[in-house]
Amino acid sequence: MAEPAYVSIAGEIARDIRSGALPAGTQLRSYSELAKQHGVSEIVIRKVVDLLLRQGLVYTVERRGTFVASRPTLVRVSPERQMEDPEVTFGNESAAGADDVQIERQTASIRADDELAALLGVSLGSEVTHVVTKASESGRPISISDSYQPPGTDVAAANILEETMADRPPVPAHAEWLAVAPGDFVKTVHQRFLTTDDRVLMVADVSYPKDRYDSFVFRMALDPQP
């Protein structure tokens, strides 16, 4: 099935932004000009710009127009987005779609050391499932994560997602995948998936290249208090 016109056009513009053909600060053509260029209606172009805005690739200035952002913004929807497969998350983010995204997973059973036992609230030496997930876009590494959980744990049952962000030097395996020079920083996110009684279902550490995102936006639904 052919992809919608607005997705195809947004993907074309996104590739020009990521390649540098449209540098940061460049003003996009007007809706009418873009519509004429691509042979579509202005309604389609509004969908194009809306998609690029949601991905943080552009920003708008009232009465002036739409401009290329210096770096995209990562919008993290918690906890719903964290339950998505990486193929879906990065496929939606890239605008070009999932075809440009490659995911590698390695799963192993390990024994909990002192640190893992404390993080997961399990006994020292307990069996833990360790998953390494590596993501790349058009051959460029864009993310790597380590997640740990007791076997059989249903992470979808988590009620709370706690995330701690920092710019710091990555652990060696993350530095190697992201091709980070010694001493350089990356954006890191430490996650804990919890139940309402604070039982830890999974912990994860995610690293992104520092220059991939300009900022992180966290959005989640809050249960109203009586």
Side-chain angles (χ1 to χ4, degrees), residues 74-93 98 101-137 139-210 212-213 216-223:
L74 175 64
V75 178
R76 300 170 66 81
V77 182
S78 307
E80 290 80 4
R81 171 166 168 166
Q82 299 311 317
M83 301 304 178
E84 289 180 346
D85 289 333
E87 290 89 343
V88 175
T89 298
F90 288 114
N92 289 338
E93 179 186 299
V101 177
Q102 299 81 42
I103 304 294
E104 300 177 27
R105 292 181 180 85
Q106 299 171 336
T107 302
S109 293
I110 63 173
R111 298 293 176 180
D113 58 15
D114 289 335
E115 182 180 3
L116 269 181
L119 286 170
L120 293 172
V122 299
S123 301
L124 180 65
S126 295
E127 185 179 354
V128 172
T129 300
H130 175 208
V131 180
V132 179
T133 305
K134 301 175 180 178
S136 58
E137 182 182 65
R140 180 197 177 196
I142 56 174
S143 174
I144 180 171
S145 68
D146 288 276
S147 65
Y148 304 90
Q149 65 186 94
T153 301
D154 182 10
V155 181
N159 306 107
I160 300 167
L161 171 61
E162 177 187 278
E163 296 192 318
T164 305
M165 293 188 53
D167 286 348
R168 58 169 58 122
V171 298
H174 288 206
E176 181 180 358
W177 173 250
L178 297 175
V180 175
D184 282 357
F185 282 29
V186 298
K187 291 190 180 295
T188 64
V189 182
H190 177 69
Q191 301 176 321
R192 295 200 308 155
F193 292 80
L194 308 160
T195 60
T196 51
D197 59 358
D198 285 337
R199 182 166 61 94
V200 180
L201 301 181
M202 185 174 78
V203 295
D205 289 288
V206 191
S207 297
Y208 303 92
K210 191 177 179 183
R212 178 170 175 81
Y213 301 111
F216 286 61
V217 175
F218 296 85
R219 185 173 70 228
M220 63 185 72
L222 299 177
D223 293 330

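- Every residue two or more places apart in sequence or in another chain that forms a salt bridge (Lys or Arg N to Asp or Glu O under 4.0 Å) with R140 is listed here: D211.
- Separation of atoms CD1 (I144) and OH (Y208) is listed at 12.0 Å; rounding is to 0.5 Å.
- When all heavy atoms of I142 and P209 are compared, the pair lying nearest together is O-CD, 3.2 Å.
- The list of side chain to side chain donor-acceptor pair (under 3.5 Å) pairs with a residue in residues 168-186, not counting sequence neighbours, reads D146-H174, H174-S207.
- Atoms CG and CG, from D197 and N159 in turn, are 8.5 Å apart once rounded to the nearest 0.5 Å.
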Hey, can you pull the donor-acceptor pairs under 3.5 Å for the side chains in residues 110-124, sequence neighbours left out?
from	atom 1	to	atom 2	distance (Å)
R111	NH1	G125	O	3.4
D113	OD1	E115	N	3.2
D113	OD1	L116	N	2.8

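- Looking at heavy atoms from C-beta onward, S143 lies in side-chain contact with V206 at the 4.5 angstrom threshold.
- How far CG of D198 is from CZ of R192: 7.0 Å, rounded to the nearest 0.5 Å.
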- Query: Given K210 and D167, is the side chain to side chain contact (heavy atoms under 4.5 Å, CB included) satisfied, shown in steps?
  - Reply: CA-CA 8 Å; K210 191 177 179 183; D167 286 348; 3.6 Å; yes
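- Taking OG1 of T188 as the start and CE of M165 as the end, the distance is 7.5 Å to the nearest 0.5 Å.
- Minimum interatomic distance between T153 and Q149 (heavy atoms only, all atoms of both residues): O-NE2, 3.0 Å.
- Qualifying salt bridge (Lys or Arg N to Asp or Glu O under 4.0 Å) partners for D154, counting only residues two or more places apart in sequence or in other chains: none.
- Qualifying side-chain hydrogen bond (donor to acceptor under 3.5 Å, both in side chains) partners for S109, counting only residues two or more places apart in sequence or in other chains: E127.
- Partners of H130 under the ring-ring contact (aromatic ring centres under 6.0 Å, His included) rule, at least two apart in sequence or in another chain, are Y148.
- Summarising the geometry of Q102 relative to G139, their closest heavy-atom pair is OE1-N, 3.6 Å, with the distance given to 0.1 Å.
- The CD atom of Q106 lies 5.0 Å from the NZ atom of K134; values are rounded to the nearest 0.5 Å.
- Residue R105 comes nearest to I103 through the heavy atom pair NH1-CG2, 3.6 Å, listed as atom of the first residue, atom of the second, then distance.
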